[in-house]
Each structure stands twice: as C-alpha cells, then as structure tokens.
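Right, one structure below, let's go through it.
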Amino acid sequence: MTVSPVKTFHRAQTIGSLVRPDWLMKARLELANGDLTVREFKKIEDRAVDECIRIQEEAGLTLINDGELRRDSYMDGPMVKLGGYSFVEGGEGQEWYHLDGTAEVVGAGGTVAVVSPLTRIGSMFAEECTYLRSHTDSEIKCTIVSPMSAMFAWNSELSKDAYPTPIALMEHLAELLRDDIKELNALGCNYIQIDAPEFTFAVDDRRRKEWSDRGVDPDELVAESIRIINGMFEGLDTCQVSMHLCRGNWDGRHMAEGGYEQIATSIFQNAPLINEYLLEYDDARSGGFEVLESVPADKYVALGLVSTKRNSVESDDDIKARISEASQFLPLDQLGICTQCGFAPVATSDIITPEVQRGKLELMTRVASEVWG
C-alpha cells in the first residue's frame, strides 16, 4: 500500500488522550474481574472509540485520533507489547508538582525496570490504527512514545546486563518502534506523533541533578535522543512527524518547570525529519515564546495554549492574544494551536469533565478558523 505524505498543517489539534467515559472504566473493571468476556468488552471499547471520533469531528477537528482509549497510559505500547520490562519493588517514588507549587510523591514502593532484552510479543499500535482508519474519513494520527521514555526504565543495577547504557536501551526501543511506524504506514496512517515529555527534564535543575546522580549527562542524553528519534524516520518518506513536549501531566500535576532554551538547538535544529512541534505553553511553567525564533522556516509549531490541567474553558480573546504574542517570534503561517497535553494521559485521570473537554476542543477550532481562516 502506498501512502501519500500529509501536506496540510492542521491549525487545531488535540494531543492524544481524551477522557474515558465512566461506562468504559466500569467495563474495564468487569473484564479484570472476569465478569465480561474479551469479546463483550471489545464491543464496549469500540463504542467508546466511536464516540471519541464523533466528539472530535463535531468539534471541527480535521486530524483525528482514537483518544488512546484502548490504553491505560500513553506509554502502553512498549509496556504492554514488549517483553523485558518488570515491576520492581522498592524505590522512593517521583515528586510531582501541583499547580500551586506543592509537591506530592507518586509511585513509592515500586517501579518498572528493563531487566532483559526487549522482545516483541505483539503489535503495539495496529488495532488502534486499523479501527480508527475504518471509522472516519478524516486524516488520522497515531501517537507513539519516544525512545527516550526508556530512560525511566533503565536501572543501573538491573538493566546493565541487557543494556550497558540507557542510550543502548533507547536505540533498541527505537528499532522496534521503527518497525511499528512502517506497519502504521502500511495500514494507512502516515501522520505519527512522538510523545516526548522526557526532554523537559533537561530544562529543570532538579531533574537534571537526578540524571547526573545516575551517571547520565542531561545534555548528551538530549542530543543522543533527538538523533535516535530522527533516525527512526530515515527513508520513510511517507511520514509526517510531530513531536509533543510537555512537563508531565498526571491528574493536573507536572514533573518539571522551565523554558525550552536549554534544549532548543537539539530539538529544532538537529531533527530534519520532524515536521511539527506541539509545545506546552499554557502557563509560565513553560517559559516564554522567544525561543521560537530558533525554529527553522520549514517547520511548524502548535502552541499548547489550551490547558488540560484546568477544568474551565479558556477565553477566545486570551488565546488569540497569546497567539499574537508568539507571532512576534515565529511567523503566523508557521503557527497553530493544540492542547497543552492529552486530557487523560493516564486512564484514571478525571481533572477535566466531558463538558469542559468538548468546550476546549470547540474553542481551538473556532479560534483557528478566526485566526487562520
């Protein structure tokens, strides 16, 4: 199957996940408890994806995804369909920060680590793509994790026999993801979004120290990661590639703070095969727009001005004013808008109500139409 490359920059788009309906979450629990068969559950899950498609299309979006409704987390591909990962007890957990600045430790008592070479035990994204493609006439996109996500699963004690360095682990994961990208192309999806919140650890002094304490140079890791991501798409001329960067989103909490300046050269200048950047910009946590001056003329930026951390719909005028501000540093023709992150990167997220979610999607398409026509 030959797939033509996407030629349109979609001025409004959502990052990936949408809020799961209560009845879908109930069905998941019933499946886990043995009260539903897989066949029965899949019918319910398919209905949820149908509704997700309808919500996006009714809001006026022209680039559609399946809301990641079949996943427990945006990272589910590798975690579910690759062997080599294992839950390891112990650990102090990770500090996540509320919007008011207070911290909360999440994940104490256990973590996921790579303990043996990664092996494929199933297709990571084929079901999502196949169903989505056959249930909408709109352009579709599939979201996949960044190879850099493996950094969090590299354990200096448990992973070294399989991968002596985190870079080695990332390179192998990238090879496996490249196979999935080829499969997605063959199935009719050539718009691929890389979710890479890990990059913003390198803009936060606290997180940089954590990496350094593990014997990893943050700047080297960023440079190697962008090289690896770019290499995933070499020779795949049918792909249109976007990369999403945020500072984490778990029930409205974030992991890092700081502008993009420290990573701008790597992500903007050293990845010729990335076409678009979807950048978190919903508050001061993400810094200013000045860094956009370093974006090449052949790339686009969707400004993540619509927050998925606040359960209220932004003002049209406020969003337009922010777009105007950003256009002082990058021409308006190279700009669009998106949500700051997914609405529910973890299935249990319930910060945003379905009504507010719909309002935010409609806001984006309305503003995009008024600003770009």
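These numbers come from the heavy atoms of this one structure, side chains and all, not from hydrogens, waters or symmetry mates. Please read these numbers as outputs of a predicted model, since none were measured by experiment.
Salt-bridge check for Glu171 with Arg227: passed, with a basic side-chain N closer than 4.0 Å to an acidic carboxylate O. Ionic pairing of Lys42 and Glu127 is present here: one or more N-O contacts between side-chain nitrogen and carboxylate oxygen are shorter than 4.0 angstrom. No salt bridge links Arg20 with Asp350; every basic N to acidic carboxylate O contact stays at or beyond 4.0 Å. Asp282 and Arg310 are joined by a salt bridge, as a carboxylate oxygen and a charged side-chain nitrogen come within less than 4.0 angstrom of each other. A salt bridge does not link Arg54 to Glu57: none of the charged side-chain nitrogens sits closer than 4.0 Å to a carboxylate oxygen. The pair Arg28-Asp72 meets the salt-bridge criterion, since a charged nitrogen lies less than 4.0 angstrom from a carboxylate oxygen. Contact check on Arg120 versus Asp180 returns a salt bridge, with a Lys/Arg side-chain nitrogen under 4.0 Å from an Asp/Glu carboxylate oxygen. A salt bridge links Glu280 to Arg285: one of the charged nitrogens lies within less than 4.0 Å of a carboxylate oxygen. Salt bridge annotation for Arg206-Glu210: absent, with no cationic side-chain nitrogen under 4.0 angstrom from a carboxylate oxygen.
Among all heavy-atom pairs drawn from Leu24 and Ala48, the shortest one is CD2-CB, 3.8 Å. Shown here for Val80 and Ile121, the closest heavy-atom pair between the two residues is O-CD1, 3.5 Å.
Cluster annotation: Leu29 and Val38 are assigned to distinct hydrophobic clusters (Ile/Leu/Val/Met/Phe/Trp/Tyr, side-chain heavy-atom contacts under 4.5 Å, transitive). Using a 4.5 Å cut-off between side-chain heavy atoms of Ile, Leu, Val, Met, Phe, Trp and Tyr, with links allowed through other members, Leu335 and Ile15 fall into different hydrophobic clusters. Hydrophobic clustering keeps Tyr74 apart from Met25 (ILVMFWY residues linked when any side-chain heavy atoms are closer than 4.5 Å, directly or through intermediates). No path of Ile, Leu, Val, Met, Phe, Trp and Tyr side chains, each step under 4.5 Å between heavy atoms, connects Leu278 with Val291, placing them in separate hydrophobic clusters. Criterion: ILVMFWY side-chain heavy atoms under 4.5 Å apart, direct or through other members. Under it, Leu332 and Val306 are part of a common hydrophobic cluster.
A ring-centre distance under 6.0 Å is found for Tyr281 and Tyr260. Checked against the 6.0 Å centroid threshold, Phe152 and Phe201 count as a close aromatic pair.
Remark: side-chain polar atoms of Ser294 are not paired, donor with acceptor, to backbone N or O of Ala264 under 3.5 angstrom. Within the 3.5 Å criterion, the main-chain N or O of Val356 finds a donor-acceptor partner in the side chain of Thr353. A side-chain donor-acceptor contact under 3.5 Å links Thr200 to the backbone of Pro197. Formation of a donor-acceptor pair under 3.5 Å by the Gln357 side chain with backbone atoms of Val19 is found in this model. Here the side chain of Asn65 pairs a donor or acceptor atom with the backbone of Gly67 at under 3.5 angstrom. Between the side chain of Ser315 and the backbone N or O of Asp318 there is at least one donor-acceptor pair closer than 3.5 Å. The closest donor-acceptor contact from the side chain of Glu40 to the backbone of Thr37 lies under 3.5 Å. Looking at Arg207, its side chain does come within 3.5 Å of a backbone N or O of Met255 through a donor-acceptor pair. Although no hydrogens or angles enter the test, the distance criterion places a donor-acceptor pair under 3.5 Å between the side chain of Thr165 and the main chain of Ala168. Remark: the backbone N or O of Ala59 is paired with a side-chain donor or acceptor of Thr365 at under 3.5 angstrom.
The closest side-chain donor-acceptor pair between Glu276 and Gln240 falls under 3.5 angstrom. Ser149 and Glu198 share no donor-acceptor pair across their side chains, judged by distance under 3.5 Å alone. Residues Ser307 and Asp283 have side chains that never bring a donor and an acceptor to within less than 3.5 angstrom of each other. A side-chain donor from one of Ser123 and Glu183 sits under 3.5 Å from a side-chain acceptor of the other. Checked by atom type, the side-chain pair Asn185/Thr238 shows a donor-acceptor distance below 3.5 Å. Gln13 and Lys141 form a side-chain donor-acceptor contact under 3.5 Å, judged by distance and modelled atom types alone.
At a threshold of 4.5 Å between non-hydrogen side-chain atoms, the residues Ile144 and Phe125 count as touching. Within the 4.5 Å cutoff, the side chain of Leu82 has heavy atoms near those of the Leu173 side chain. Using a 4.5 Å heavy-atom cutoff, the side chains of Pro331 and Gln334 are in contact. Put simply, the side chain of Glu362 does not reach to within 4.5 Å of the side chain of Glu58, judged on heavy atoms. Contact of the Leu279 side chain with the His244 side chain is not registered, since no non-hydrogen atoms from C-beta on lie closer than 4.5 Å. Looking at heavy atoms from C-beta onward, Glu139 lies out of side-chain contact with Thr62 at the 4.5 angstrom threshold.
Pairs engaging residues 320-373 under the ring-ring contact (aromatic ring centres under 6.0 Å, His included) rule: none recorded [sequence neighbours left out].
Between the CG atom in Asn190 and the CG atom in Asp237 there is a gap of 11.5 Å [rounded to 0.5 Å]. Going from atom CD1 of Ile192 over to atom CD1 of Ile274 covers 12.5 Å, rounded to the nearest 0.5 Å. Here the CD atom belonging to Glu314 is positioned 8.5 Å from the CG atom belonging to Leu305, to the nearest 0.5 angstrom.
Within 6.0 Å of the CG atom in Asp22, the count of heavy atoms belonging to other residues, nucleotides or ligands does not exceed 12.
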Verdict with reasoning, Lys209 to Asp213, per salt bridge (charged side-chain N to carboxylate O under 4.0 Å, His left out): CA-CA 6 Å; Lys209 183 177 184 304; Asp213 289 346; 2.9 Å; yes
Taking it one step at a time, do Tyr277 and Tyr300 satisfy ring-ring contact (aromatic ring centres under 6.0 Å, His included)? CA-CA 6 Å; Tyr277 297 91; Tyr300 294 94; over 10 Å; no
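No cation-pi contact links Arg47 to Phe41, judged by a cut-off of 6.0 Å to the six-membered ring centre and 45° from its axis.
Shown here are the side chain to side chain contact (heavy atoms under 4.5 Å, CB included) partners of Asp46, two or more places apart in sequence or in another chain: Arg70, Tyr131.
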